[in-house]
Number of protein chains: 4
Amino acid sequence: MQSSTPAGRPGRPRSATADAAILAATREALVELGWSRLTLGDVATRAGVAKTTLYRRWAGKNELVVDAVAELFDELRLPDCGSLADDIEGVVLQFAAILARPEAKSGLMAVIAESTRDDALRERIRASIVQRQMRLVLEGRARAQQRGELPPEPDPQESARIVDLIFDVVAGAVVHRTLVSGKPADEEWVHSFTQVLLHGLAEAPGDG
Amino acid sequence: MQSSTPAGRPGRPRSATADAAILAATREALVELGWSRLTLGDVATRAGVAKTTLYRRWAGKNELVVDAVAELFDELRLPDCGSLADDIEGVVLQFAAILARPEAKSGLMAVIAESTRDDALRERIRASIVQRQMRLVLEGRARAQQRGELPPEPDPQESARIVDLIFDVVAGAVVHRTLVSGKPADEEWVHSFTQVLLHGLAEAPGDG
Amino acid sequence: MQSSTPAGRPGRPRSATADAAILAATREALVELGWSRLTLGDVATRAGVAKTTLYRRWAGKNELVVDAVAELFDELRLPDCGSLADDIEGVVLQFAAILARPEAKSGLMAVIAESTRDDALRERIRASIVQRQMRLVLEGRARAQQRGELPPEPDPQESARIVDLIFDVVAGAVVHRTLVSGKPADEEWVHSFTQVLLHGLAEAPGDG
Amino acid sequence: MQSSTPAGRPGRPRSATADAAILAATREALVELGWSRLTLGDVATRAGVAKTTLYRRWAGKNELVVDAVAELFDELRLPDCGSLADDIEGVVLQFAAILARPEAKSGLMAVIAESTRDDALRERIRASIVQRQMRLVLEGRARAQQRGELPPEPDPQESARIVDLIFDVVAGAVVHRTLVSGKPADEEWVHSFTQVLLHGLAEAPGDG
DNA sequence: CTCTAAACGAGACGGTACGTCAAGTCTTGAA
DNA sequence: TTCAAGACTTGACGTACCGTCTCGTTTAGAG
């Protein structure tokens with residue numbers, strides 16, 4: 001019945017519930033304490049688990065937080081609102097809502113900061129969070145090209161570059177708005193942002 | 001008549017050179033160790049200063065790093081290349097070059113992460129870094145409006161909203177590209193980004 | 001003082017050897033540095049033990065030094081030299097020899113000084129050092145009463161008062177001679193002291 | 001201890017009131033904080049004086065406390081009660097009363113402890129406190145010899161030895177009673193002690 | 001009445017040790 | 001073999017005093 005004990009492995013099997021309890025405890029601690037005051041000993045206590053159990057499964061604080069935060073972003077869905085602009089606004093608002101939650105705010109930026117000096121950590125973040133949500137850009141772009149709202153792009157390499165660029169612009173803008181400027185990425189802001197993204201500064205400064 | 005004491009304040013005046021030495025030592029430590037392994041004791045040693053001197057002037061690691069990083073961004077200059085697009089590319093490349101430096105990478109994201117739980121710190125970041133560079137957007141936009149590249153905006157409140165938005169998009173995209181995606185914000189990327197910023201996705205997907 | 005896992009207590013038991021190593025290191029540091037320059041960090045290093053281990057077992061410098069010094073006095077033995085005077089001289093010489101050792105000198109008076117402001121510490125000193133050596137007075141007096149050298153004392157309360165008085169006179173005189181006057185409590189002095197103790201000033205001024 | 005501008009020394013003379021204020025502040029701090037928590041900065045503040053003024057006059061905490069405590073013992077007077085026993089009881093009770101004061105308790109034993117590692121300090125204590133009160137023993141003994149209560153001692157060297165011994169026994173017993181045993185040196189105890197001192201254990205166990 | 005030189009208050013300085021806390025490892029007995 | 005419990009080493013934390021220093025400001029006697 002256990003997921004991690006493949007067969008008749010000797011010894012006591014790993015507790016199946018521990019992983020979920022630990023990740024939930026981690027998010028709880030992030031909400032209450034933030035990243036820098038979160039301690040693994042405290043997480044273990046909250047999860048009703050020994051510190052050794054925690055270290056047996058994760059290498060350290062960073063890896064644990066990445067996994068705890070990654071789960072938050074899996075609930076993102078690309079809505080089908082009929083137009084590219086509305087689809088973008090819908091998904092960006094969802095993204096902003098997640099980023100506004102303290103467990104995401106506190107944890108995400110901290111592990112990104114840590115990843116600037118730890119390539120393995122950056123790769124883990126890319127795989128667990130960034131790349132996993134790239135699907136939204138791919139899906140939305142394909143749908144818009146089908147609708148004729150965006151020109152088709154035959155060159156696959158060029159296509160990848162554009163997708164990356166869009167992702168950086170969208171994710172970066174929302175993150176900067178939320179965490180650095182410290183203002184809400186609300187409907188009004190998301191609308192203005194979407195207009196600029198689609199039509200540029202020169203054409204769409206005020207509204208659309 | 002006083003050399004270093006601004007008014008007739010009693011007591012030994014603070015060492016004038018210590019501040020600069022400490023900030024330089026902080027940047028040096030950020031390069032070598034990154035934010036999480038940087039310790040104030042080590043910074044004090046590098047600066048040839050006692051730990052207490054450091055604590056007398058800064059409340060903690062976060063405040064110190066903000067000041068150390070803020071100085072990096074003061075070298076940003078808005079070039080006059082003749083067109084808005086070229087001006088943007090010029091300043092974004094400068095910004096990307098600074099962000100690529102390890103002392104900026106390591107320090108900036110970490111203090112932003114910390115600021116999610118510390119309003120005073122966020123305000124310090126906003127005042128020392130963000131607001132201070134906002135001048136670039138204001139100056140560039142005014143110049144473009146004089147040139148007729150951007151429509152004039154008579155409503156001052158609307159104007160402020162647009163300026164904020166531009167800043168979030170530009171800064172956020174470069175930061176995300178550099179720190180999250182982990183790819184260089186080189187000339188090619190900056191060119192593509194500028195095209196999207198000015199003309200939008202629909203009109204300027206491949207190039208201009 | 002510490003019980004080594006008395007029953008099926010969970011968790012790793014305390015190191016049995018650490019206690020002895022720490023007390024020995026404390027005495028070594030007392031010899032080299034004296035009480036005021038002795039630091040717990042240094043003791044920990046000498047004992048090959050972490051500072052936290054030390055703080056887990058003792059509340060502070062004072063308690064540690066009391067325990068380290070107390071062990072020194074356990075080697076005191078009441079000799080049986082045939083007469084009360086000779087017995088007293090023998091044990092007082094032993095006591096003086098211990099007090100002459102730098103680890104006793106340095107440590108003992110300092111913790112007594114500290115105990116003037118800390119009742120718990122005074123009680124610890126009384127229990128660990130003073131009361132523990134009171135046996136010598138009791139034993140010597142009983143032996144002398146058997147020999148007929150001292151009159152029997154039927155009243156137990158009066159008996160206790162006398163014993164306390166003898167202890168204060170003997171211990172106090174030796175301590176004062178050694179630490180305050182700074183002169184050795186050698187055989188000659190001990191002999192004169194014993195004559196005064198047994199026969200008083202009026203009868204035995206010069207010698208016996 | 002300090003000469004207040006002995007001759008036509010140029011410059012501003014030392015404040016005459018500062019010395020007294022500092023010593024009083026030291027005693028006050030000893031009462032409130034005890035020796036180990038007493039800090040020179042705090043003494044300076046209490047005395048309304050700068051820390052530098054304090055260091056200009058005393059080498060450190062130990063020297064300062066010796067001077068502060070020494071003044072306490074100068075009020076000791078040898079009463080003339082008619083008999084040696086009564087004279088002794090009178091002066092011992094005075095001595096016990098001083099030792100019971102917290103500023104004496106706290107300070108005296110601490111500097112004695114320190115003096116075990118600092119010969120200059122021991123000499124200062126001997127000169128300022130011990131030797132200064134030796135007069136009481138000399139005076140009392142001479143008076144008793146005149147009265148015929150004590151045999152005369154023609155040999156001056158032997159006489160000095162006896163005086164030293166008496167001093168060690170008296171001072172040591174009172175100090176041990178007060179500080180180590182932690183019980184009051186009250187009239188009853190002083191009476192018993194005096195009987196032992198004059199007549200010895202064998203003859204005067206219960207009372208006299 | 002100035003001049004001069006020391007003492008003064010204030011407080012910053014480079015240090016040392018403090019006692020606490022968290023990280024990550026190790027050792028026990030029980031499941 | 002894993003688990004909970006908890007002792008272990010390590011190392012940074014932020015604080016408190018130390019004793020020294022550098023200021024600008026008295027303050028007295030000498031010229």
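Throughout, a chain's letter reflects where its sequence line sits, starting with A, and its residues are numbered from 1.
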K.L.:
Judged by atom type as modelled, is there a donor-acceptor pair below 3.5 Å linking the side chain of Thr39(C) to the main-chain atoms of Asp42(C)?
P.N.:
yes
K.L.:
Considering only NZ, NE, NH1 and NH2 on the basic side and carboxylate oxygens on the acidic side, decide whether Arg27(B) and Glu71(B) come within less than 4.0 Å.
P.N.:
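Yes, charged N to carboxylate O under 4.0 Å.
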K.L.:
Taking all atoms of both residues into account, what is the closest heavy-atom pair of Lys61(B) and Ser36(B), and its distance?
P.N.:
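Heavy atoms of Lys61(B) and Ser36(B) come nearest at NZ-O, 3.7 Å.
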K.L.:
In whole Å, I'd like the distance from the CD atom of Glu63(C) to the P atom of dC18(E).
P.N.:
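Rounded to whole Å, this separation is 14 Å.
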K.L.:
What does the B/S/- profile of nucleotides 6-11 of chain E look like, 5' to 3', with a 4.0 Å heavy-atom cutoff to protein?
P.N.:
BBBBBB
K.L.:
Identify the heavy atoms of Leu33(B) and Arg46(B) that sit nearest to each other, and give their distance.
P.N.:
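The pair with the smallest heavy-atom distance is CD1-NH2, 4.0 Å.
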K.L.:
I need the NZ-C1' distance between Lys61(C) and dT16(E), as an integer number of Å.
P.N.:
12 Å
K.L.:
For Arg124(C), is there an ion pair with Asp67(C) - N to carboxylate O distance below 4.0 angstrom?
P.N.:
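Result for this pair is yes, salt bridge flagged.
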K.L.:
Just by modelled atom types, is the Ile112(B) backbone N or O under 3.5 Å from a matching donor or acceptor in the Thr116(B) side chain?
P.N.:
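The answer is no, because no donor-acceptor pair under 3.5 Å joins these two groups.
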K.L.:
Using atom CH2 of Trp58(C) as one end and atom C1' of dG19(E) as the other, report the distance to the nearest whole Å.
P.N.:
17 Å
K.L.:
How far apart are the closest heavy atoms of Val66(A) and Ile129(A), and which atoms are they?
P.N.:
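Of all heavy-atom pairs spanning Val66(A) and Ile129(A), the closest is O-CD1, 4.4 Å.
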K.L.:
How many Å lie between CG on Asp19(B) and C1' on dC13(E), as a whole number?
P.N.:
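Atom CG in Asp19(B) sits about 14 Å away from atom C1' in dC13(E).
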K.L.:
Nearest whole angstrom, please: distance from the C1' of dT20(F) to the CG of Leu54(D).
P.N.:
14 Å
K.L.:
Any idea which heavy atoms bring Trp58(B) and Ile22(B) closest together, and the distance?
P.N.:
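Smallest interatomic distance, heavy atoms only, reads CZ3-CG2, 3.7 Å.
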K.L.:
Taking DNA chain F as the partner, which of residues 26-46 of chain C come within under 4.0 angstrom of it by heavy atom?
P.N.:
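Contacting residues: none.
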K.L.:
Atom OH of Tyr55(A) and atom C1' of dT9(F): how far apart are they, to the nearest Å?
P.N.:
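My rounded result for the distance is 13 Å.
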K.L.:
Between Leu64(A) (CG) and dA22(E) (P), how many Å, whole number?
P.N.:
16 Å
